Amino acid sequence: MPELPEVEITCRGLAPHCAGRRIVTAVVRNAKLRWPVPADLAQQVAGQAVLGLTRRAKYLLVTLQRGTLILHLGMSGSLRIMDSDSPAGVHDHVDLVLDNGTCIRLRDPRRFGAVLWTQSDVLRHPLLENLGPEPLSSEFDDSYLYTRSRGRNVPIKTFLMDSHMVVGVGNIYANEALFHAGIRPTTSAGRLSRVRYARLAAAIRATLARAIEAGGSTLRDFVNSAGEAGYFQQQYMVYGREGESCRICAGSIRHLRQGQRSTFYCPRCQT
DNA sequence: CTTTTGACCTGACAGC
DNA sequence: TGCTGTCAGGTCAAAA
């Protein structure tokens, strides 16, 4: 489920449920996630007030009094507010139990997600310190992309999905943003002009912002509810539309594989 | 340094 | 029905 917009929506959805709360304990049913969940997680977090909930890239950061929880949803993770005594499903691996009888429950079938704990400056954590800028920040613009891409021969889509270049652009939004920018996903990143990067930066910002808005309206109860209904009903321009007709030129959408990820594009609109 | 490949996991689905 | 193969929203680590 999680590209940047969904992590952002999750963050916004959880925040009011955490505000002013204290963590009573942590329940770890399965510690085998992307990295092992710290064995002493419960002792580390017990009794601490939740001071804030923020997002950096696709990481959710739960600021406690004496450290920070780093949560990642991987490919299949979700976080929901539940009654702490409600029965856990097979893929409900971790609960952060709050002092009002609720918990934040991590469900993650594929277990590519993560729950980590640090007592140091979280932004200096090895997983976070070398990340690129947030795509919705002012730092992310044509000049940034143009400068960082010089000398790079990777396809622009691969370049965009590299979190050390810019965070939060997953496979769906890389495809969609390149369509909106009129750029062929296979183009070498180092050969794109500044003008084309200006169009691309704008397309990325607009695509992500629109998705967050859509998530905000269709997933308002995401954190509390049973599902993510509505999110996928949005109209993609290219993603998953192989062989269907382009919504702009009516040409046939093509599919190819870059790395091990699916790429979709319109050969007429994207040059 | 850059680029490519493999790895981690489960579930859904197509085709036989 | 049941098996096999493929694919899925991420991203690190190792190899080339």
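What you are looking at is a predicted structure, and each value in this text was computed from that prediction instead of being measured. Below, read A as the first sequence line, B as the second, and so on, with proteins coming before strands; counting in each chain starts at 1.
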Flag the pair E129(A) and R124(A) as a salt bridge only when some basic side-chain nitrogen lies within less than 4.0 angstrom of an acidic carboxylate oxygen.
-> no
Please state whether the phosphate of dG10(C), meaning OP1 or OP2, lies under 4.0 angstrom from any side-chain nitrogen or oxygen of S76(A).
->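 Checking dG10(C) against S76(A), no side-chain N or O comes under 4.0 Å of OP1 or OP2.
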Does dT11(C) have OP1 or OP2 sitting under 4.0 Å from an N or O in the side chain of R261(A)?
-> no
Check DNA chain B for consecutive Watson-Crick or G-U pairs with both distances under 3.5 Å and list the runs of at least three as stems.
->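 If one scans DNA chain B for consecutive Watson-Crick or G-U pairs, the stems found are B:2-8 with C:10-16, B:10-16 with C:2-8.
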Would you call the rings of H255(A) and F264(A) parallel, tilted or perpendicular if under 30° counts as parallel and over 60° as perpendicular?
-> tilted
So H91(A) and H93(A), would you call those rings parallel, tilted or perpendicular, with 30° and 60° as cut-offs?
-> perpendicular
Report which part of the nucleic acid [X] touches: base, sugar-phosphate, or nothing (heavy-atom distance under 4.0 Å, all strands).
X       : value
N153(A) : sugar-phosphate
L73(A)  : nothing
H164(A) : sugar-phosphate
R257(A) : sugar-phosphate
T158(A) : nothing
F159(A) : nothing

Within 6.0 Å of CZ in R191(A), more than 12 heavy atoms from elsewhere | no
Same cluster (ILVMFWY, side-chain, under 4.5 Å), W117(A) and Y59(A) =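 In one cluster with W117(A): Y59(A), no.
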Considering only dC12(C), dT3(B), dG10(C), which nucleotide approaches the side chain of R152(A) most closely?
->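 Nucleotide nearest to R152(A)'s side chain: dT3(B).
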Ring-face cation contact, Y146(A) with R150(A), 6.0 Å cut, 45° max | yes
Is there a donor in the side chain of T263(A) and an acceptor in the side chain of R257(A), or the other way round, less than 3.5 Å apart?
-> no
How does each nucleotide of nucleotides 6-11 of chain B score, in 5' to 3' order, for protein heavy atoms under 4.0 Å: base (B), sugar-phosphate only (S), or none (-)?
-> B-BBBS
